[in-house]
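To start, the structure under review is shown below, and the notes come after it.
Labels below follow one simple rule: chain letters A, B, ... track the order of the sequence lines, proteins then strands, and each chain is numbered from 1.
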Amino acid sequence: MPELPEVETTRRGISPHLTGRRVVRVDVREPRLRWPVPTELPRVLAGQAIEAVARRGKYLLLRTRGGTLILHLGMSGSLQVVPAAAGPGPHDHVDVVLEGGQALRLTDPRRFGCLLWTPGDPLRHPLLAGLGPEPFDTAFTGAYLYGQTRGRRAPVKALLMDSHVVAGVGNIYANESLFLAGIHPGRPAGRIGLARYGRLAGAVRAVLEKAIRAGGTTLRDFVGVDGQPGYFAQHLRVYEREGKPCEVCGHSLHRRVIGQRASYFCPRCQR
DNA sequence: CAACGGACCTGCCTGC
DNA sequence: TGCAGGCAGGTCCGTT
């Protein structure tokens, strides 16, 4: 489900409910996520005030004085702020109960998400330390991508989805960005020039920015904090549009598995 | 080192 | 109607 725009939508949604609030307790109903929820989490988080809700790539960071809660939504996770008394559904694995009667509730049917605790600098945590630049960071440029991809034979789409190259770009937005930049997703990354990478960096930012403004993409089950879907799905130009006409040239869009992931593109516009 | 396949899970849809 | 198979927004890890 969630790529950078969905995580950012979630961050903006939960932040006003969490910032400055104290955690009363943590209810872990199902600790078996991607990694087990640390057994000490309820103990260390209880009593802490949440000072800020930040995002790095697809990770959410709930900062407190004593440490940081690191949260990833995996493929199917979502967060909602609910009345703490509301009965949990079957996949509501964790509640962070806040003073004032509300709770931050993690729902994740596939359990690919994670919830971890670090007492130190979260950006030095093993999961975050190796992340590439944020797409909106000034370090993310065509020259950066060009430098990262010299000698690489992997398809450009695989590199674009590699969080160590750039953080937060998943399958939907990689497809959309490559379409906007006119680059074929299967092209070896090392065989793309500086100018085209400049266009790609701009396309990534443009697509993500527009998606954030639309509240993310809801395909099947993504919901924002108030349960509302995102509206970017109606702006998708290639994703899950196999056989439909390209909006630019009218050619039938193709689907092909590239780097183990479904890839959608216009064979005429993208080279 | 880069590249690839497998692994972790559930739900939903399709086709026989 | 039932069931097997395929597919899904992520990403780490082990093997070539």
Interatomic distance where [atom1] belongs to [X] and [atom2] belongs to [N] [whole Å]:
X: A:Arg55; N: C:dG10; atom1: CZ; atom2: P; answer: 14 Å
X: A:Tyr239; N: C:dC7; atom1: OH; atom2: P; answer: 13 Å
X: A:Glu240; N: C:dG9; atom1: CD; atom2: C1'; answer: 9 Å
X: A:Asp162; N: C:dG10; atom1: CG; atom2: P; answer: 13 Å
X: A:Met75; N: B:dC12; atom1: CE; atom2: P; answer: 15 Å
X: A:Glu30; N: B:dC9; atom1: CD; atom2: P; answer: 10 Å
X: A:Asn171; N: C:dA8; atom1: CG; atom2: C1'; answer: 10 Å
X: A:Leu33; N: B:dT10; atom1: CG; atom2: C1'; answer: 13 Å

Using the P atom as the reference point in each nucleotide, state the distance between C:dT11 and B:dC1 in Å, no decimals.
->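 These two P atoms come out 22 Å apart once rounded.
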P atoms of B:dC9 and C:dC3, separation to the nearest Å =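 Result for the P pair: 24 Å, nearest Å.
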Please report the shortest heavy-atom distance between A:Leu62 and A:Leu104, naming the atom on each side.
->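 Closest heavy-atom pair between A:Leu62 and A:Leu104: CD2-CD2, 4.0 Å.
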Where do A:Leu60 and A:Arg55 come nearest, in terms of heavy atoms and distance?
->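 Distance-wise, the nearest heavy atoms are CD2-CB, 4.4 Å.
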When we call it a touch if two heavy atoms are under 4.0 Å apart, what does [X] touch: a base, just sugar-phosphate, or nothing?
X: A:Ala158; value: nothing
X: A:Arg152; value: sugar-phosphate
X: A:Tyr173; value: nothing

Which of these passes salt bridge (Lys or Arg N to Asp or Glu O under 4.0 Å) with A:Arg29: A:Asp95, A:Asp108, A:Asp92?
->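 Per the salt bridge (Lys or Arg N to Asp or Glu O under 4.0 Å) rule, the option paired with A:Arg29 is A:Asp95, out of A:Asp95, A:Asp108, A:Asp92.
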Just how far is it from atom [atom1] of [X] to atom [atom2] of [Y], taken to the nearest 0.5 Å?
X: A:Arg187; Y: A:Arg271; atom1: CZ; atom2: CZ; value: 9.5 Å
X: A:His72; Y: A:Trp35; atom1: NE2; atom2: CH2; value: 8.5 Å
X: A:Asp162; Y: A:Gln148; atom1: CG; atom2: CD; value: 9.0 Å

Can you figure out which of B:dG5, C:dA8, C:dG10 approaches the side chain of A:Gln260 most closely?
->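 Out of B:dG5, C:dA8, C:dG10, the nucleotide with an atom closest to A:Gln260's side chain is B:dG5.
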Which residues in residues 103-118 of chain A have at least one heavy atom lying under 4.0 Å from any atom of DNA chain C?
->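 Going residue by residue through residues 103-118 of chain A, the ones with a heavy atom under 4.0 Å of DNA chain C turn out to be A:Arg110, A:Phe112.
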Is there a donor on the side chain of A:Glu3 or the base of C:dG9 sitting less than 3.5 Å from an acceptor on the other?
->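 Answer is no: no donor-acceptor pair is held.
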Please state whether the rings of [X] and [Y] are parallel, tilted or perpendicular, taking 30° and 60° as the class boundaries.
X: A:Tyr264; Y: A:Tyr239; result: perpendicular
X: A:His93; Y: A:His91; result: perpendicular
X: A:Phe265; Y: A:His184; result: tilted

Does some side-chain heavy atom of A:Leu128 sit less than 4.5 Å from a side-chain heavy atom of A:Thr118?
->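 A side-chain contact under 4.5 Å is absent here.
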Student check: side-chain heavy atoms of A:Val207 and A:Phe179 closer than 4.5 Å =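 A side-chain contact is absent here, since even the closest heavy-atom pair is not under 4.5 Å.
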Could you list all N or O pairs between the protein and nucleotides 11-13 of chain C that sit under 3.5 Å apart?
| unit_1 | atom_1 | unit_2 | atom_2 | d |
| --- | --- | --- | --- | --- |
| C:dT11 | OP1 | A:His72 | NE2 | 2.5 |
| C:dT11 | OP2 | A:Lys58 | NZ | 2.7 |
| C:dT11 | O2 | A:Arg34 | NH1 | 3.2 |
| C:dC12 | OP2 | A:His164 | NE2 | 3.4 |
| C:dC12 | O4' | A:Arg34 | NH2 | 2.8 |

Decide if atom CZ of A:Arg205 counts as having more than 12 heavy atoms of other residues, nucleotides or ligands within a radius under 6.0 Å.
->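 Atom CZ in A:Arg205 is crowded, with more than 12 foreign heavy atoms closer than 6.0 Å.
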Dot-bracket for DNA chain B, 5' to 3', counting Watson-Crick or G-U wobble pairs under 3.5 Å, with [ ] for crossing pairs and | for inter-strand pairs?
-> .|||||||.|||||||
Output yes when at least one side-chain N/O atom of A:Arg150 is less than 4.0 Å from OP1 or OP2 of B:dC1, else no.
->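 Checking B:dC1 against A:Arg150, no side-chain N or O comes under 4.0 Å of OP1 or OP2.
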